[in-house]
Structures are given as C-alpha cells and as structure tokens.
Amino acid sequence: MNIYVANIPWKASEDQLKDLFAQYGEVTSAKIIMDKVTQRSRGFGFVEMGDDNSGRTAIAELNGRDFLGKSLVVNEARPREERPARSGGFRRNDFN
DNA sequence: GTTGAGCGC
C-alpha cells in the first residue's frame with residue numbers, strides 16, 4: 001500500500017514518519033522527499049505498508065491529524081512514473 | 001539561518 005503524506009514539518013524525519021504509521025500497521029518503508037540540489041526536506045513523503053487494510057486504516061486515522069504542530073495530509077499515492085527501459089510492448093504508433 | 005502547495009528516480 002503506497003501512501004502519500006504531505007504537510008510534513010521540516011523538522012520531521014523518516015523514522016518519525018515510520019513510527020507514526022507503525023502504530024496502525026506494518027510499515028515496509030518510509031521515505032521523505034528531499035530537494036535534489038539542497039537536500040532539504042520538501043515537506044512531503046511516501047510510506048509503504050505491508051497490509052493494504054492497515055494502510056487504509058492509517059490513512060483514515062492520520063489524515064488531518066496533528067503531527068509536530070502541522071496538520072498532516074495523508075492520501076493514497078499515485079503510481080510513480082514508470083521508467084520504460086526496453087519493454088518489448090506496444091509503441092505509440094502501432095495503431096497505424 | 002529562509003519556505004508551505006503538493007506526488008518519489
């Protein structure tokens with residue numbers, strides 16, 4: 001279950017985020033997105049949970065909840081940009 | 001040492 005977490009305070013770390021979600025289920029991995037150049041916290045991150053049910057529970061319980069003084073925004077994450085290597089599949093002009 | 005809408009490489 002991929003979960004998108006926004007409105008994260010800049011003082012928060014991945015461990016705190018993982019610990020926060022671990023209360024509602026097994027957290028496979030927690031990651032806070034940092035800036036590419038300055039490596040500073042962008043204020044949002046992603047949490048992956050083992051159980052989809054626990055993930056939904058964590059979303060329902062942590063969405064809008066206070067976290068280090070900021071109101072968290074928790075939602076289901078969108079599928080990441082897939083990195084097409086050399087997938088022998090369809091091409092965009094195969095319709096011709 | 002700063003900032004606060006938004007989706008990661």
Side-chain angles (χ1 to χ4, degrees):
Chain A
M1 182 64 165
N2 297 23
I3 302 174
Y4 168 71
V5 186
N7 214 321
I8 300 179
W10 299 303
K11 356 169 217 180
S13 64
E14 295 180 352
D15 289 325
Q16 305 179 35
L17 193 68
K18 175 168 55 65
D19 185 76
L20 183 73
F21 277 80
Q23 298 171 108
Y24 301 96
E26 180 191 21
V27 175
T28 309
S29 69
K31 182 181 184 179
I32 291 185
I33 307 305
M34 302 288 192
D35 190 82
K36 318 168 189 122
V37 185
T38 67
Q39 290 294 299
R40 253 189 247 176
S41 176
R42 272 195 176 179
F44 70 95
F46 290 91
V47 177
E48 190 176 357
M49 304 197 71
D51 297 307
D52 296 355
N53 314 84
S54 302
R56 281 172 249 177
T57 306
I59 291 177
E61 290 296 319
L62 295 175
N63 188 13
R65 197 57 68 87
D66 184 84
F67 180 59
L68 275 74
K70 302 299 289 187
S71 200
L72 275 188
V73 180
V74 185
N75 284 309
E76 185 178 349
R78 301 175 181 164
R80 202 208 295 163
E81 296 179 28
E82 205 174 300
R83 195 147 280 243
R86 66 206 69 121
S87 43
F90 296 99
R91 265 146 223 91
R92 290 189 305 182
N93 43 9
D94 267 353
F95 298 100
N96 254 327

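We use all heavy atoms of the structure for the numbers below, so side chains are in, but hydrogens, waters and symmetry mates are not. Lettering of chains follows the sequences in order, A, B, ..., and the numbering in each one begins at 1.
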Atom pairs and distances, side-chain donor-acceptor, residues 70-78 of chain A, under 3.5 Å, sequence neighbours left out:
from: A:Ser71; atom 1: OG; to: A:Gly64; atom 2: O; distance (Å): 3.2

Considering residues at least two apart in sequence or located in another chain, which fulfil the side chain to side chain contact (heavy atoms under 4.5 Å, CB included) criterion with A:Asp51?
A:Ser54
Given atom CG of A:Asn2 and atom P of B:dC7, what is their separation to the nearest angstrom?
16 Å
Within this structure, what is the CG-to-P distance between A:Leu17 and B:dG8, rounded to whole angstrom?
16 Å
For nucleotides 3-6 of chain B, print each protein N/O atom paired with a nucleotide N/O atom at under 3.5 Å, atom names and distance only.
from: B:dG4; atom 1: N1; to: A:Ile8; atom 2: O; distance (Å): 2.9
from: B:dG4; atom 1: N2; to: A:Ile8; atom 2: O; distance (Å): 3.3
from: B:dG4; atom 1: N2; to: A:Gly43; atom 2: O; distance (Å): 2.9
from: B:dG6; atom 1: N9; to: A:Tyr4; atom 2: OH; distance (Å): 3.4

Considering non-hydrogen atoms only, spot the tightest contact between A:Met49 and A:Thr28 and give its length.
C-OG1, 3.5 Å
Counting the atoms with a prime plus P, OP1 and OP2 as sugar-phosphate, which does A:Glu48 contact under 4.0 Å by heavy atoms, base, sugar-phosphate, or nothing?
nothing
Residues which pass side chain to side chain contact (heavy atoms under 4.5 Å, CB included) with A:Asp66, listed by chain and number, not counting sequence neighbours
none
Let me know the distance between NZ of A:Lys36 and P of B:dG8, rounded to the nearest Å.
8 Å
With sequence neighbours left out, which residue pairs that include part of residues 13-23 of chain A fulfil the side chain to side chain donor-acceptor pair (under 3.5 Å) condition?
A:Ser13-A:Gln16
Applying side chain to side chain donor-acceptor pair (under 3.5 Å), can you list everything that pairs with A:Glu48, at least two apart in sequence or on another chain?
A:Ser29
